[in-house]
Amino acid sequence: MAPATVLLAIFGFIQFCYAGEADVLDLTDSDFSTRIGSYDSETLLVMFYAPWCGHCKKLKPEYAKAAELLRGEDPPITLAKVDCTEGGKDTCSKYSVSGYPTLKIFKNGEVSQEYNGPREATGIAKYMKSIVGPASKDLLTLDAFEAFLQVQETSLVGFFQKESDLKGTFLKFADSQRERLRFGHSSANDVLEKQGETDAVYLFRAKQLSNKFEPDFVKFEGKTKDDLNTFVKEHFHGLCGVRSRETVNDFKTPLVVLYYAVDYVKNPKGTNYWRNRVLKVAKEFVGRVNFAVSAKDDFQHELNEYGYDYVGDQPLALARDAKNQKFVMKDAFSVPNLQAFATDLLEGKLEPYVKSEPVPENNDAPVKVAVGKNFDDVVVNNGVDTLVEFYAPWCGHCKKLTPVYDELATKLKDEEVSIVKMDATANDVPPTFDVRGFPTLYWLSKDDKSNPTRYEGGREVDDFVKYIAKHATKELKGWDRKGNVKKVEL
């Protein structure tokens with residue numbers, strides 16, 4: 001084999017064998033039935049995929065990493081995959097696989113349920129662990145208790161010498177939250193003696209998150225299931241949580257997030273080197289500002305929202321205030337700079353970051369162009385009724401609408417109505433507007449710009465004219481309220 005060919009083969013092998021790949025069973029028609037029924041694991045998650053599928057390519061490394069995270073679980077959980085385009089065609093047909101990727105949970109060789117959980121590694125692993133065995137693991141010995149706390153997950157543990165109202169509440173809460181949280185409980189004398197409790201619940205933070213600024217565990221002082229829920233929300237992430245794609249909604253504004261190479265598997269010391277510095281600041285703002293760290297590679301989409309394509313070796317601090325406005329710490333990361341940034345965020349001294357294209361030098365065309373920086377001038381404070389379209393340059397429906405929208409604007413150029421468009425992929429859309437697809441259109445009355453109305457009518461020129469004629473603050477010069485052209489008297 002030629003040297004170049006050898007190198008290509010090696011490169012391809014390296015690319016294929018990402019971390020955890022060896023932990024994923026590769027099944028085909030010839031061995032699916034026998035292996036899935038006789039494998040050591042009672043529970044298996046199977047991904048049915050096609051190599052050319054973009055969503056499958058995105059999921060595959062997360063799936064492999066999840067398999068790695070599940071290695072050594074007791075009871076065991078196995079992840080497997082089937083290529084529906086080659087060796088697994090008959091198997092995929094047998095299980096009615098019509099789209100890719102399709103994930104199914106098997107128990108004792110039979111389909112138990114469709115998998116509808118998270119699609120990233122930690123979420124997959126947590127979801128699978130939650131469906132195996134009881135919601136709370138019974139820790140029968142001191143060794144079992146200590147081993148339970150060694151896992152890199154924050155956990156809730158109950159200590160109960162006998163049956164009690166608190167134990168009942170704890171187990172019911174565990175059952176309701178089994179897919180999201182990790183639970184254990186013990187009645188073993190040596191465990192109770194070591195903990196010094198006979199009827200209590202504690203939250204133990206993941207071992208790798210231990211730091212000198214907050215305790216490693218917190219005792220629950222409430223009584224009810226609602227109290228437990230509130231307790232978890234308040235203490236689960238601590239002073240500075242590790243924010244993942246699965247937990248983004250746990251972190252409320254005002255929020256400061258530090259983006260860098262967060263990785264507790266490959267580089268825990270480096271991860272905590274920076275996180276400890278954030279913690280030093282966070283302890284001064286308890287109850288006023290929330291703090292978190294995020295892996296920059298997992299949140300590139302958020303970085304893009306702030307105009308960043310790349311983050312270097314030092315953390316980048318980004319924030320949102322209570323109004324969800326965005327802010328960037330422009331100074332190099334340091335404890336004093338982060339303290340000043342958080343203080344200025346609270347006091348409203350920072351200039352919000354607005355993702356924006358350049359303001360057009362000339363905006364005299366019939367269809368006005370709004371960008372992030374001129375949106376208020378062009379839409380909110382223009383003094384007239386306004387129809388605004390939020391579009392994406394690649395959107396086929398938007399392209400089809402363009403000549404219609406241009407013709408509409410030309411027809412209404414002498415009316416007290418402004419026809420506006422904005423590229424919602426290149427500019428920040430104000431939070432007043434709910435834009436989830438393209439094109440999205442809103443109507444704003446000149447006297448109440450704070451309450452825009454989504455336009456749900458037809459997409460032809462006459463449809464728009466009739467809608468505007470009916471809703472215009474002042475009757476149009478050229479059309480009556482029904483959208484009929486007014487007769488011109490000679």
Side-chain angles (χ1 to χ4, degrees), residues 213-214 226 229-260 262 275 277-296 298-299 301-308 311 315-331 333-356 370-377 379-381 390 422 424 427-436 442 444 448-452:
F213 301 103
E214 60 186 343
D226 286 342
N229 192 50
T230 301
F231 170 76
V232 170
K233 285 183 178 179
E234 182 178 347
H235 296 287
F236 188 85
H237 294 291
L239 290 175
C240 177
V242 181
R243 187 168 163 268
S244 68
R245 284 177 289 181
E246 183 190 12
T247 62
V248 287
N249 293 328
D250 292 354
F251 296 86
K252 306 304 180 185
T253 58
L255 173 66
V256 176
V257 181
L258 283 296
Y259 298 82
Y260 63 100
V262 176
R275 181 172 175 267
R277 282 152 179 76
V278 180
L279 283 161
K280 188 173 184 179
V281 178
K283 69 181 180 64
E284 304 296 335
F285 290 87
V286 175
R288 297 183 295 157
V289 178
N290 297 312
F291 287 81
V293 297
S294 286
K296 59 183 181 180
D298 291 343
F299 285 88
H301 62 289
E302 287 189 354
L303 297 172
N304 291 343
E305 290 179 12
Y306 288 79
Y308 283 88
V311 175
L316 170 68
L318 305 176
R320 288 184 183 265
D321 65 6
K323 297 178 182 177
N324 213 35
Q325 295 182 105
K326 299 187 293 188
F327 302 90
V328 177
M329 189 175 89
K330 298 176 182 178
D331 297 321
F333 177 83
S334 69
V335 169
N337 285 344
L338 186 60
Q339 287 174 325
F341 180 64
T343 299
D344 289 345
L345 176 72
L346 271 179
E347 296 178 357
K349 295 180 179 179
L350 300 174
E351 180 181 351
Y353 170 82
V354 178
K355 181 181 177 182
S356 177
V371 297
K373 291 180 179 178
N374 75 352
F375 190 88
D376 283 353
D377 293 336
V379 176
V380 179
N381 301 321
F390 298 98
M422 179 178 181
N427 301 277
D428 276 341
V429 176
T432 311
F433 303 88
D434 183 18
V435 177
R436 300 185 185 182
Y442 275 91
L444 297 90
D448 190 13
K449 293 290 179 76
S450 62
N451 290 298

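All values reported here derive from a predicted model rather than from experimental measurement.
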Checklist entry - Is the closest side-chain heavy-atom distance between Phe285 and Thr343 below 4.5 Å? => result yes
Item to check | Nearest-0.5 Å distance, NZ of residue Lys283 to CD of residue Glu214 | outcome: 11.5 Å
Checklist entry - Would you say the side-chain atoms of Asn337 pair up with the backbone N or O of Asp331, donor to acceptor, closer than 3.5 Å? => result no
Checklist entry - Does anything in residues 236-247 pair up under salt bridge (charged side-chain N to carboxylate O under 4.0 Å, His left out), and if so which pairs, sequence neighbours excluded? => result Glu62-Arg245, Arg243-Glu302
Checklist entry - Does the side chain to side chain donor-acceptor pair (under 3.5 Å) test come out yes or no for Thr247 and Asn249, once each step is laid out? => result CA-CA 5 Å; Thr247 62; Asn249 293 328; over 6 Å; no
Next on the checklist: Going by the rule side chain to side chain donor-acceptor pair (under 3.5 Å), which residues pair with Lys326 if we only count those two or more places apart in sequence or in a different chain?
Outcome noted: Asp428
Sequence neighbours excluded and cut-off under 3.5 Å, please list the side-chain donor-acceptor pairs for residues 370-377, or say none.
| from | atom 1 | to | atom 2 | distance (Å) |
| --- | --- | --- | --- | --- |
| Asn374 | OD1 | Val371 | N | 2.6 |
| Asn374 | ND2 | Val369 | O | 3.4 |

Checklist entry - Are Lys296 and Asp298 ion-paired here, with the side-chain N under 4.0 Å from a carboxylate O? => result no
Next on the checklist: Checking Arg277 now: which residues fulfil salt bridge (charged side-chain N to carboxylate O under 4.0 Å, His left out) with it, not counting sequence neighbours?
Outcome noted: none
Quick one: side chains of residues 345-354, donor-acceptor pairs under 3.5 Å with protein atoms, not counting sequence neighbours, listed by atom name and distance.
| from | atom 1 | to | atom 2 | distance (Å) |
| --- | --- | --- | --- | --- |
| Glu347 | OE1 | Lys349 | NZ | 3.0 |
| Tyr353 | OH | Tyr306 | O | 3.4 |
| Tyr353 | OH | Gly307 | N | 3.3 |

Next on the checklist: For a 4.5 angstrom cut-off between non-hydrogen side-chain atoms, does Leu239 reach Val286?
Outcome noted: yes
Item to check | Contacts of type ring pair (Phe, Tyr, Trp, His ring centres under 6.0 Å), residue Phe390, not counting sequence neighbours | outcome: Phe433
Checklist entry - Are side-chain heavy atoms of Leu318 and Phe299 found at a separation under 4.5 Å? => result no
